[in-house]
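In what follows, chains carry the letters A, B, and so on, assigned in the order in which the sequence lines appear, proteins first and then strands, with residues in each chain numbered from 1.
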Amino acid sequence: MADGTGNRAREGGEYGRRQMGCRTGQATGREKAESYRTGQATGRSKAERHHHEGGEDERTARGATPCRTGGCDGVPEGGQRWRRGYEKKEERTEGERRTGIKPSSSPPSVSKPSLPVPRPILPSPAWISPFSIPPKPSTFTFPPVPCFQGFLFPRIRSAASQSPPRRYFFFSHRRRGFCAANQPSAQDPQRALDVFNSVALQRGFAHNDATYSALLLRLARARKLRAVDALLRRMRREPCRFHEAPLLSLASLLLSRRLAPPEAALRIFRSIPAIVRRRPSPRAVAATLNLLVDAGRFDLARDLLSRVEHPNSCVRNIVVKLHCKAGDLGAALRVLDEMRASKTAPPNLITYSTLMKGLCKQGSLKDAFHLFEEMIDKDRIAPDPLTYNVLIDGFCRQGRLDKASAVLSFMRNNNCEPNVFNYSTLMNGYCKEGKVEEAKKVFDEMRSSGLAPDAVSYTTLIGCLCRLGRVDEGIELAREMREKGCKADVVAYNVVIEGLTKGGRVGEAMGLLESLPHEGVRLNASSYRIVMNRLCARGEMERAVGLLGLMLGRGFAPHFAASNELLLGLCDIGRVADATVAFYGLAEMGFVPEIGTWARLVETVCKERKLWKLFELVDELIVAE
DNA sequence: GTAGGGTTAG
């Protein structure tokens, strides 16, 4: 797995030091420990304070290898001073405490301020407060060291210390330092990794499943895939017991966010025996197979399938999906036949829905409906709203809206109340045909049946109104959506932004682009591109440059074609300076102009006699080549 | 985090 974060050396270094032993990493580790210590000095546990206060000679303290978590980093200087003061205080006599003057027999020393005579904290035993009930004398005593999910570890000592006394300090997985990988506040995955490595340097310590799981996901989200790999390798050697679920979550995260190629899911699956020390469960097989099929890697899915001895209904359903996605409906129907003949893996609603969807996609609606009837008659399986939805969508996509509507009525008459999905699928069918009034009727029907339209239902109708040029009605609906407490997602906002843009209300669209992120809405590249494309197409370069600044500043780049159009448009109106600035901004996002755009840029700069800019451009051209 | 459904888009 590749890591594009530029932190390879650091990750590798940390991991390498762990491999070689803690002393190799001592020098750099101490530097990092310094930064942690400042943040954690006040959060030390009682047990740890006990350790520091416990009296250790200075030679040992200096020679001790720091554990680099901050809380146990040798004995800090402040701690030493504090301890010395404490020892001196114990040596003082009653007379010294009163006068602050040492007797003449004592060795000469630096004069110290006298300490006040301690006053009794408890009231006189003769008087008992009416608010305090004296506790019953109890024989119960707390154990000397609290030990909750934690361990006692011998302190790591340097080779110089000859006869190390067995002193222990306490660490718990619950402690903040240990759980840094789990803390939502630990946004920096590198820091989480550093803390993880630091703690693991303790002899005899082992991280647990939860810590590994949290760190794996955090690193994966940050695209630190080399570190993820290293962690997975390390898990094979850990003594603690791991579960499958975190590994499956990791595979799902990597593939769903396209952080890693599909092979990564298969590698994780194959690592299960070494890490979990068990054969992969049927659940793990199904999860991995499903990820591979969803990623379209049928070759890898088939490879995995060839090793599955007794596929259950779930695995077979995924195989049905595989064949449907690959367009081999014959093979999918053969799997259905096998399932019908099988007692251990019979077909179920999901088998039929998947197959019906595949048939609808191929336009074989008749076969899909036939299968639907077979499911009810032959296998005695009652359809649910989801199965009906496949049929509604199938009929809608063929423009047979009467049939789709009839399915909805059929559902009601057959004891299956339609849900929001069913209504919005039918609405979408009407919307695609431009029949917004019928769509509105379905929308009202949905509400009168007691269902609250969701963001998708609203978006479907808003989009339709905007496409028909009824932008104001669409915006009014968007307002109503907000008033009714239905939270709009980025798709809903994009539909509104597009409606505004098409309706010539670019200023309002740009206003939304500017303000929505401040209101907590996470826009995506499409949100900005919808407007940028429009501006470029209409030659509104002034606004386009402004929008470019906004989107580049937020980490979004325009579409490739729009970027070229923007540069050409700026050259056309002689805005050389803007064109150059825009070019550098786009280049930073990885944009390389078309050859024609290069030529135009160079030509315009030459005409303007801005030769120094020309040289810069040529330099960029050489780098790009 | 074992399997099936509806929305936008250069």
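With hydrogens and angles left out, the side chain of N348(A) and the base of dA3(B) share a donor-acceptor pair within 3.5 Å. No hydrogens or angles were tested; on distance alone, a donor-acceptor pair under 3.5 Å links the side chain of S424(A) to the base of dG6(B).
F591(A) places its CZ atom 14 Å from the C1' atom of dG10(B), with the value rounded to the nearest Å. Straight-line distance from the CG atom of N422(A) to the C1' atom of dT7(B): 15 Å, rounded to whole Å. Here the P atom of nucleotide dT8(B) and the CD1 atom of I497(A) are 16 Å apart, to the nearest Å. Atom CG of D384(A) is separated from atom P of dG6(B) by 14 Å (rounded to the nearest Å). Atom OH in Y430(A) sits about 17 Å away from atom P in dT7(B), given to the nearest Å. The distance from atom CE of M356(A) to atom C1' of dA3(B) is 16 Å, rounded to the nearest whole Å. As a whole-Å value, the separation of L461(A) CG from dG6(B) P is 18 Å. The CE-C1' distance, from M411(A) to dG5(B), rounds to 11 Å in whole Å.
More than 12 non-hydrogen atoms from other residues, nucleotides or ligands lie less than 6.0 angstrom from NZ of K325(A). Heavy-atom neighbours of H310(A) NE2 from other residues, nucleotides or ligands within 6.0 Å: at or below the threshold of 12. Within 6.0 Å of CG on N415(A) lie no more than 12 heavy atoms contributed by other residues, nucleotides or ligands.
Contact annotation: N533(A) reaches the phosphate of dG10(B) (side-chain N/O to OP1 or OP2, under 4.0 Å). One finds a side-chain N or O of K432(A) lying less than 4.0 angstrom from the OP1 or OP2 phosphate oxygen of dT8(B). For S252(A), a side-chain nitrogen or oxygen approaches OP1 or OP2 of dG1(B) to under 4.0 Å. Within the 4.0 Å cut-off from OP1 or OP2 of dA3(B), not a single side-chain nitrogen or oxygen of K357(A) is found.
W598(A) CH2 to I595(A) CD1: the interatomic distance, rounded to the nearest 0.5 Å, is 8.5 Å. Atoms OG1 and CZ, on T597(A) and F591(A) in that order, are 6.0 Å from each other to the nearest 0.5 Å. The CZ atom of R218(A) lies 7.0 Å from the CZ atom of R221(A); values are rounded to the nearest 0.5 Å.
V491(A) comes within 4.0 angstrom of a nucleotide base, judged by non-hydrogen atoms across all strands. Residue contacts shown for S249(A) include a base, since a base heavy atom lies under 4.0 Å away. Nucleic acid contact class of P246(A) (heavy atoms, under 4.0 Å, all strands): none. Among the atoms of the strands shown, only primed sugar atoms or phosphate atoms (P, OP1, OP2) are found under 4.0 Å from some heavy atom of N290(A). The residue R534(A) sits apart from the nucleic acid: no heavy atom pair falls under 4.0 Å. Using a 4.0 Å heavy-atom cutoff across all strands shown, I530(A) reaches no nucleic acid atom at all. Using a 4.0 Å heavy-atom criterion, one finds that T387(A) contacts the bases of the nucleic acid, with or without backbone contacts as well. Across all strands shown, V420(A) has heavy atoms under 4.0 Å from base atoms, whether or not it also approaches the sugar-phosphate. Contacts of N428(A) with the nucleic acid, taken as non-hydrogen atoms under 4.0 Å apart, involve only primed sugar atoms and P, OP1 or OP2.
Nearest nucleotide to the N419(A) side chain, out of dG5(B), dA3(B), dG6(B): dG5(B). Of the candidates dG10(B), dA3(B), dT8(B), the closest approach to any side-chain atom of C314(A) belongs to dA3(B). Comparing atom distances between the E565(A) side chain and each of dA3(B), dG6(B), dG10(B) picks out dG10(B) as nearest. Looking at the side chain of L386(A), the nearest of the listed nucleotides dG6(B), dG5(B), dA3(B) is dG5(B).
Proximity of a side-chain donor or acceptor of R277(A) to a complementary backbone N or O of R236(A) within less than 3.5 Å is detected. A side-chain donor-acceptor contact under 3.5 Å links N524(A) to the backbone of S527(A).
Using a 3.5 Å distance cut-off with no hydrogens or angles, the side chains of N494(A) and S526(A) do not pair a donor with an acceptor. For the residue pair N428(A)/T425(A), the side-chain donor-acceptor check at 3.5 Å is not satisfied.
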Enumerate donor-acceptor pairs with a distance under 3.5 Å from any side-chain N or O in residues 367-375 of chain A to protein atoms, sequence neighbours excluded.
from, atom 1, to, atom 2, distance (Å)
H370(A), NE2, E374(A), OE2, 3.2
E374(A), OE1, R340(A), NH2, 2.7

Would you tabulate the side-chain donor-acceptor contacts of residues 399-412 of chain A under 3.5 Å, counting partners in other chains and residues two or more places apart, or write 'none'?
from, atom 1, to, atom 2, distance (Å)
S409(A), OG, S405(A), O, 3.3
R412(A), NH2, Y423(A), OH, 3.2
R412(A), NH2, E445(A), OE1, 2.7

Could you go through residues 285-299 of chain A and list every donor-acceptor pair under 3.5 Å that involves a side-chain atom there, pairing it with any protein atom two or more places apart or in another chain?
from, atom 1, to, atom 2, distance (Å)
T288(A), OG1, A284(A), O, 2.8
N290(A), OD1, K321(A), NZ, 2.6
D294(A), OD1, K321(A), NZ, 2.8
R297(A), NE, D299(A), OD1, 3.0
R297(A), NH1, E263(A), OE2, 2.8
R297(A), NH2, E263(A), OE2, 3.3
R297(A), NH2, D299(A), OD2, 2.8

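Residues K432(A) and E438(A) are not paired through a salt bridge, judged by the lack of any N-O separation under 4.0 Å between the basic side chain and the carboxylate.
The separation of dG1(B) from dG5(B), taken at their P atoms, amounts to 14 Å, rounded to a whole angstrom.
Only D454(A), V456(A), S457(A), T459(A), T460(A), listed by number, bring a heavy atom of residues 439-460 of chain A to less than 4.0 angstrom from any atom of DNA chain B. Residues from residues 516-529 of chain A placing a heavy atom under 4.0 Å of any atom in DNA chain B, listed by number, are S526(A). Shown for residues 468-481 of chain A: no residue has heavy atoms falling under 4.0 angstrom of DNA chain B.
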